[in-house]
Amino acid sequence: MQLFGRVANTEDRDGASLSLSWLVLNFGEHNPPAEDAPEVVLQQYARAYILAMFGSILFPSTTGDSIPLIFLPLLANLQETSSYSWGRAVLACLYRNLCRGCLSSTRTIGGCSILLQLWSWERLHVCRPQMHTGAPPIFGPDEPPRPLGARNPKQVLIFARDELDQQEPNQVQWMPYTPGRLADAPIICIDGSRIWRVVVPLICFEIVEFQFPDRVMRQFGISQHKPTPVDTNDTLHNLNRRGRDNVDWVVKNATWLAYWDDRLAHIAQEQFPRTSIGEYMHWYYSITRRIISAPSTDRPQTNLDYMQRESRIRRVVKGAKKVVSALRDALNDSTAAIANNWLGNCRDILDEVGEGHRFEEVIGSDVQATPQHGGRYPLGQSHKRGHISWATDFTMLPSQLTQDDVGPSSTPAEWSRHRTI
């Protein structure tokens, strides 16, 4: 009553949550304040607007038409409200929802997805709408211009996963915010740049999620080093507000709040000597899972030039298995040479797309793999079974070895991988 000037009915409240529909009905365009409304009423409308923005854009939940009232006390003094670190809270909520959203049992996701979408469009080509540089489109007198986000194709989750699986380094804009763009940006956009590279916990009530800018240094125009391992605190990660209505989160998270207060002491710095791109990629491929999900059989039709990569990889792997069987049953050296040549092709294909480990999984440890055209007896005398001995290295093309600069100039056009047998 004090903050809104009215109280929602029981059917418009769900425990500690308030219906967004109630806010729209009571404070929306169909129920505006009077032209001579006093300051206290205008502040009530401002709180309703901000809370509705929280529930629909910045902190949306999977429940849809509701917003936790835990945010409302933070809007009591609007002068203090503007001094809070809302960006940190939005990121914390988004990170937590991304963690939950990646689980196979999850069907919906909360958090500020439009922030993730805009971030992605600045860096990745996947699902990015076509940007028109010519004359602007013409809209009718009563037709507002469609925002950029409305141009995204519909029902492309499976497509996006497959497209991300096959993305190449040259398709990534590693540093979209160049010094030239930042120089033209409004002050509000760069006012917090001194803490862009702080390694700190991001906090939103019960949510505590760490920010690790040291793992994405290239977006700051700094060469990327091999970062230290990250160990997620499962107890902290699984914490929620259920049954904790009376918890004072300032006290509960005192340790993490103190860490945040000391944030300027945790700025990620460039490390010397610099890690080469080849060294970094060798480390990255050793710790990551490169395929997001199984290939789809009912991928939505799109007008984009696209072929599933995962299905091609599986066909190559199956072909390699057949070649191994043919090698073991080869009747003569000529047949064995042909089969070995096909096996080398399969290995090269898997190697080039970063899936060379599948080759070793296919042929096991009882067949000796040799380079293509490696001799008359590719599998040894009498096709003797041996042990695989090969390793992977990463090098840049000669044209890319002229400089090891930071920022966009160090982005590789492509990776070439070669083997040591």
Side-chain angles (χ1 to χ4, degrees), residues 57-60 85-95 97-99 101-102 109-134 136-137 145-154 156-157 159-199 202 209 211-224 227 268 270 277 280-281 284 288 292 302 304-306 405-414:
I57 300 176
L58 299 179
F59 303 99
S85 181
W86 292 106
R88 173 181 60 155
V90 169
L91 280 178
C93 182
L94 175 61
Y95 290 173
N97 277 278
L98 286 174
C99 290
C102 69
I109 187 171
C112 188
S113 58
I114 191 173
L115 174 62
L116 178 66
Q117 187 177 41
L118 295 175
W119 176 93
S120 172
W121 286 352
E122 289 282 358
R123 293 163 174 81
L124 310 178
H125 74 288
V126 179
C127 295
R128 178 192 293 165
Q130 183 68 34
M131 299 296 292
H132 299 285
T133 57
R146 285 188 302 154
L148 192 63
R151 305 176 196 173
N152 203 27
K154 305 299 183 181
V156 292
L157 175 60
F159 164 81
R161 284 175 173 171
D162 289 343
E163 188 77 356
L164 286 169
D165 281 342
Q166 71 168 358
Q167 184 159 253
E168 299 293 337
N170 63 301
Q171 294 175 307
V172 178
Q173 179 66 21
W174 298 100
M175 188 182 173
Y177 305 117
T178 60
R181 291 187 66 183
L182 292 177
D184 296 332
I187 296 298
I188 192 175
C189 294
I190 59 176
D191 186 50
S193 59
R194 63 190 180 278
I195 63 169
W196 284 354
R197 289 189 282 118
V198 292
V199 181
L202 306 176
E209 291 282 343
Q211 169 89 340
F212 292 106
D214 57 322
R215 305 180 82 85
V216 287
M217 296 291 274
R218 294 184 67 183
Q219 76 172 5
F220 303 110
I222 299 175
S223 61
Q224 180 63 56
E270 185 170 19
I277 295 179
Y280 174 80
M281 293 304 297
Y284 178 75
T288 192
I292 297 176
T302 67
L304 300 178
D305 182 15
Y306 171 76
D405 200 0
V406 299
S409 61
S410 62
T411 302
E414 65 177 287

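How far OG1 of Thr288 is from CE of Met281: 9.0 Å, rounded to the nearest 0.5 Å. Between atom CD1 of residue Ile277 and atom OG of residue Ser223 there is a gap of 9.0 Å, rounded to the nearest 0.5 Å. To the nearest 0.5 Å, atom CD of residue Gln211 and atom CG of residue Leu91 are 6.0 Å apart. Trp174 CH2 to Arg218 CZ: the interatomic distance, rounded to the nearest 0.5 Å, is 5.0 Å. Between atom CD1 of residue Ile109 and atom CG of residue Leu116 there is a gap of 7.5 Å, rounded to the nearest 0.5 Å. Rounding to the nearest 0.5 angstrom, the gap separating the CZ atom in Phe59 from the CG atom in Leu94 is 10.5 Å.
In terms of modelled atom types and a separation under 3.5 Å, the side chain of Arg215 and the main chain of Pro227 share no donor-acceptor contact. In this structure, the side chain of Asp191 does not engage the main chain of Ile187 through any donor-acceptor pair within 3.5 Å.
Under the side chain to side chain donor-acceptor pair (under 3.5 Å) criterion, Arg194 pairs with no residue, sequence neighbours left out. In this structure, the side chain to side chain donor-acceptor pair (under 3.5 Å) partners of Arg123, at least two apart in sequence or on a different chain, are Gln219.
Within a 6.0 Å sphere centred on OH of Tyr284, other residues, nucleotides and ligands contribute 12 heavy atoms or fewer. Heavy atoms of other residues, nucleotides or ligands lying less than 6.0 angstrom from CD1 of Ile114 number 12 at most.
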Practice prompt. Walk me through it: do Leu58 and Trp86 pass the test side-chain contact (heavy atoms from CB on, under 4.5 Å)?
Written response: CA-CA 9 Å; Leu58 299 179; Trp86 292 106; 5.9 Å; no
Worksheet item: What's the verdict on side-chain contact (heavy atoms from CB on, under 4.5 Å) for Trp196 and Ile190, showing C-alpha distance, side-chain angles and the deciding distance?
Response: CA-CA 9 Å; Trp196 284 354; Ile190 59 176; 4.1 Å; yes
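Side-chain contact between Val199 and Pro213 is present, with at least one heavy-atom pair separated by less than 4.5 Å.
Leu202 and Ala92 get closest at one heavy-atom pair: O-CB, 3.4 Å.
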